[in-house]
Amino acid sequence: GSLDDATMPPAPSIYRRFPAVSANRLHNLLGDLPVVIDGGYGWLMGDRGLPPGEAAERWNVDHPDVITALHEEYAVAGARILTTNTFGGSRARLTANGLADRTVELNRAGARLARAVADRHHVFVAGNVGPTGELLEPLGTLTETDAVEMFAEQVAALREGGADLVLIETMSDLAEVAAAVEGSRQAAPELPIVATMSFDTNLRTMMGVTPRAAVGALAALEIEAVGANCGRGPEEMIQIATEMAQARGDADVLLAAQSNAGLPQVAGDGFVYDVDPAGMAEHGAQLRALGFELVGSCCGSSAEHTHAIAERLAAEG
């Protein structure tokens with residue numbers, strides 16, 4: 001459902017720009033914590049006309065009004081970090097859609113759309129980087145060098161479009177995360193990096209990584225935030241988050257979580273997810289209690305979920 005100011009009061013603003021006292025560059029950028037990240041895009045774009053199989057990134061140029069409206073809804077709802085519509089924006093993913101030669105254009109356009117909305121609301125833009133869809137050697141044919149180059153190309157375009165930070169998400173392979181971090185650092189050394197993995201196979205990633213191992217490996221890369229996204233819903237996310245919180249110890253790294261709004265259920269000729277905004281707000285409070293600083297949602301969520309999370313976290317202080 002779309003959101004407008006008439007039906008939903010703006011979330012209380014917890015936005016204040018002053019430096020935090022921390023060596024963590026993301027903490028310094030954001031100031032006050034916790035911070036609400038936005039929610040799903042791809043499935044909402046499907047609701048708004050994106051044909052199955054078409055690259056969502058193409059709409060950054062072909063239907064910028066739709067993408068701008070989604071960013072606007074999330075900003076009004078209380079998200080302090082808006083995510084660019086570039087999840088599948090690596091050259092590898094765009095090649096599958098015949099768009100390889102538009103890699104820079106589509107990523108730059110995606111960042112510019114988010115930047116324009118973020119500036120109106122005094123919030124931040126995360127340049128969104130998803131997996132390449134290919135396996136790295138020795139399991140696949142993608143070399144580490146090619147992966148790093150691909151990520152650097154994407155991040156350079158996101159930086160040019162105005163991203164404040166890099167969000168590497170839905171990863172399953174630690175080697176691919178490391179390549180994405182290296183590519184980001186080559187292209188935009190000044191941007192803080194958040195990396196989240198998806199633990200959807202018996203509380204492990206598809207490549208067998210545990211939440212505890214992920215925190216150890218990602219914190220060792222000296223990025224600013226680590227965490228989990230997507231997955232099988234809030235219940236499993238809390239188990240994952242608990243392990244991550246224990247594994248963090250006193251490392252100077254923030255924790256991030258963006259759970260799917262439950263699991264998709266067939267409804268008519270489409271899908272609905274089974275966790276409502278109130279359920280996601282409760283989940284946000286549980287994450288906060290575990291010490292998570294960055295809290296959002298993923299597939300199946302919309303601005304209503306973001307608004308509920310933002311109100312709950314603001315009320316808890």
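Residue numbers start at 1 and run along the sequence shown. These values consider heavy atoms only, across backbone and side chains, with no hydrogens, waters or symmetry-generated copies.
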field: Donor-acceptor side-chain pairing of E72 and H121 below 3.5 angstrom
entry: yes
- prompt: Should the heavy atoms of other residues, nucleotides or ligands under 6.0 Å from CG of N202 be counted, would the total exceed 12?
  reply: no
field: Check against side chain to side chain contact (heavy atoms under 4.5 Å, CB included), V117 and L82
entry: CA-CA 9 Å; V117 176; L82 301 178; 3.8 Å; yes
query: Is the closest side-chain heavy-atom distance between M150 and L142 below 4.5 Å?
result: yes
query: Sub-3.5 Å donor-acceptor pair from the side chain of N85 to the main-chain atoms of A56, do we have one?
result: yes
- prompt: Can you tell if the side chain of Q239 reaches within under 4.5 Å of the side chain of L203, non-hydrogen atoms only?
  reply: yes
task: Considering non-hydrogen atoms only, spot the tightest contact between A147 and L136 and give its length.
output: CB-CD2, 4.4 Å
- request: Could you give me the CA-CA distance, side-chain angles and deciding distance for F292 and Q286, then say whether side chain to side chain contact (heavy atoms under 4.5 Å, CB included) is met?
  value: CA-CA 9 Å; F292 274 63; Q286 291 176 316; over 6 Å; no
- prompt: Could you state the interatomic distance from CG (N24) to CD (E224), rounded to the nearest 0.5 Å?
  reply: 5.5 Å
message: Rounded to the nearest 0.5 Å, what separates atom CG in L167 from atom CG in L191?
response: 12.5 Å
task: Under the side chain to side chain contact (heavy atoms under 4.5 Å, CB included) rule, what do D32 and R80 come out as? Steps first, then yes or no, please.
output: CA-CA 11 Å; D32 274 3; R80 280 184 60 210; 4.2 Å; yes
Reference residue M197; test side-chain contact (heavy atoms from CB on, under 4.5 Å); the match among T170, L218, I168: L218
- request: Walk me through it: do R248 and E293 pass the test salt bridge (charged side-chain N to carboxylate O under 4.0 Å, His left out)?
  value: CA-CA 12 Å; R248 167 164 66 172; E293 290 90 359; 3.0 Å; yes
- prompt: If two hydrophobic side chains count as joined below 4.5 Å and joins carry through other members, does V125 share a cluster with L254?
  reply: no
query: Can you check whether L135 reaches T141 side chain to side chain, under 4.5 Å on heavy atoms?
result: no
message: With a 3.5 Å distance limit and no angle check, can you tell me whether Q258 reaches the backbone of S297 through a side-chain donor-acceptor pair?
response: yes
field: Distance-only polar pair, side chains of D38 and Y41, donor-acceptor under 3.5 Å
entry: yes
- prompt: Any link between V148 and I193 through a network of hydrophobic side chains (Ile, Leu, Val, Met, Phe, Trp, Tyr) touching at under 4.5 Å?
  reply: no
field: Worked check of side chain to side chain contact (heavy atoms under 4.5 Å, CB included) between F199 and E236
entry: CA-CA 9 Å; F199 302 88; E236 281 198 8; over 6 Å; no
message: If hydrophobic clusters are built by linking Ile, Leu, Val, Met, Phe, Trp and Tyr wherever their side-chain heavy atoms come under 4.5 Å apart, do W59 and L99 end up in the same one?
response: no
Derivation of the salt bridge (charged side-chain N to carboxylate O under 4.0 Å, His left out) call for R288 and E316: CA-CA 9 Å; R288 189 66 199 123; E316 304 226 334; over 6 Å; no
- prompt: For T132 and E176, does a side-chain donor sit closer than 3.5 Å to a side-chain acceptor?
  reply: yes
query: Would the number of heavy atoms belonging to other residues, nucleotides or ligands and lying under 6.0 Å from CD of E105 be above 12?
result: yes
- prompt: Charged N to carboxylate O under 4.0 angstrom, R25 versus E190?
  reply: no
field: Centroid separation H307 to Y74 less than 6.0 Å
entry: no
- prompt: Any chance CD of E137 has more than 12 other-residue heavy atoms, nucleotides or ligands included, within less than 6.0 Å?
  reply: yes
Interatomic spacing from NE2 in H27 to CG in L294 - rounded to 0.5 Å: 10.0 Å
- prompt: What closest approach, in Å, do M237 and A257 show between heavy atoms, and which atom pair accounts for it?
  reply: SD-CB, 4.2 Å
task: Consider only side-chain heavy atoms of I, L, V, M, F, W and Y, link residues closer than 4.5 Å, and tell whether V226 and V209 are in one cluster.
output: yes
- prompt: Does the side chain of L26 come within less than 4.5 Å of V194's, by heavy atoms?
  reply: yes
- prompt: Hey, are the side chains of V61 and L106 touching, using non-hydrogen atoms and a 4.5 Å cut-off?
  reply: yes
- prompt: Which atom names give the shortest non-hydrogen contact between I240 and A228, and what distance separates them?
  reply: CG2-CB, 3.9 Å
message: Please give me the minimum heavy-atom distance between A152 and A187, naming the atom from each residue.
response: O-CB, 3.3 Å
message: Please say yes or no: joined through hydrophobic side-chain contacts below 4.5 Å, possibly via intermediate residues, are V166 and F87 part of one cluster?
response: no
message: I'd like to know if the side chain of H305 reaches the main chain of V275, judged simply by a donor and an acceptor atom lying under 3.5 Å from each other, with no hydrogens or angles considered.
response: yes
message: As an exercise, state the distance from CZ of R112 to OG1 of T68, rounded to the nearest 0.5 Å.
response: 13.0 Å
field: Check: G262 main-chain N/O paired with N260 side-chain donor or acceptor under 3.5 Å
entry: no
Flag side-chain contact, heavy atom, 4.5 Å: Q265 against Y273: no
task: Give a yes or no answer on whether the side chain of W43 reaches the backbone of S301 with a donor-acceptor pair at less than 3.5 Å.
output: yes
task: First locate atom CZ of F151, then atom OG of S184, and finally report the distance between them rounded to the nearest 0.5 Å.
output: 8.0 Å
message: What I want to check is whether the side chains of Q246 and R212 have a donor and an acceptor closer together than 3.5 Å.
response: yes
task: Would you check if there is a donor-acceptor pair between the side chains of N229 and E169 at a distance under 3.5 Å?
output: yes
- request: Determine the minimum heavy-atom distance between G89 and T103, stating which atoms define it.
  value: O-CG2, 3.6 Å
query: Which heavy atom of F124 sits nearest a heavy atom of L29, and at what distance?
result: CZ-O, 3.4 Å
- prompt: Okay, side chain of D200, backbone of R232: is any donor-acceptor separation there less than 3.5 Å?
  reply: no
- prompt: Between CZ of R102 and CG of N107, what distance do you get to the nearest 0.5 Å?
  reply: 11.5 Å
field: Polar side chain donor-acceptor pair, T84 to T86, under 3.5 angstrom
entry: yes
- prompt: Counting distance only, does the side-chain N/O of R93 pair as donor-acceptor with the main-chain N or O of P131 below 3.5 Å?
  reply: yes
- request: Please tell me if the side chains of V36 and I81 come closer than 4.5 Å, counting only heavy atoms from C-beta onward.
  value: no
field: Side-chain (R108) to main-chain (R159) donor-acceptor, under 3.5 angstrom
entry: no
Any donor-acceptor N/O pair, T196 side chain to G227 backbone, under 3.5 Å: no
- request: Would you please say whether a donor-acceptor pair under 3.5 Å links the side chains of Q186 and E182?
  value: yes
query: Tell me, do Q154 and S90 make a side-chain contact under 4.5 Å, heavy atoms counted?
result: yes
message: One pair to check against salt bridge (charged side-chain N to carboxylate O under 4.0 Å, His left out): R115 and D164. What are the steps and the verdict?
response: CA-CA 9 Å; R115 177 80 268 152; D164 296 299; 2.8 Å; yes
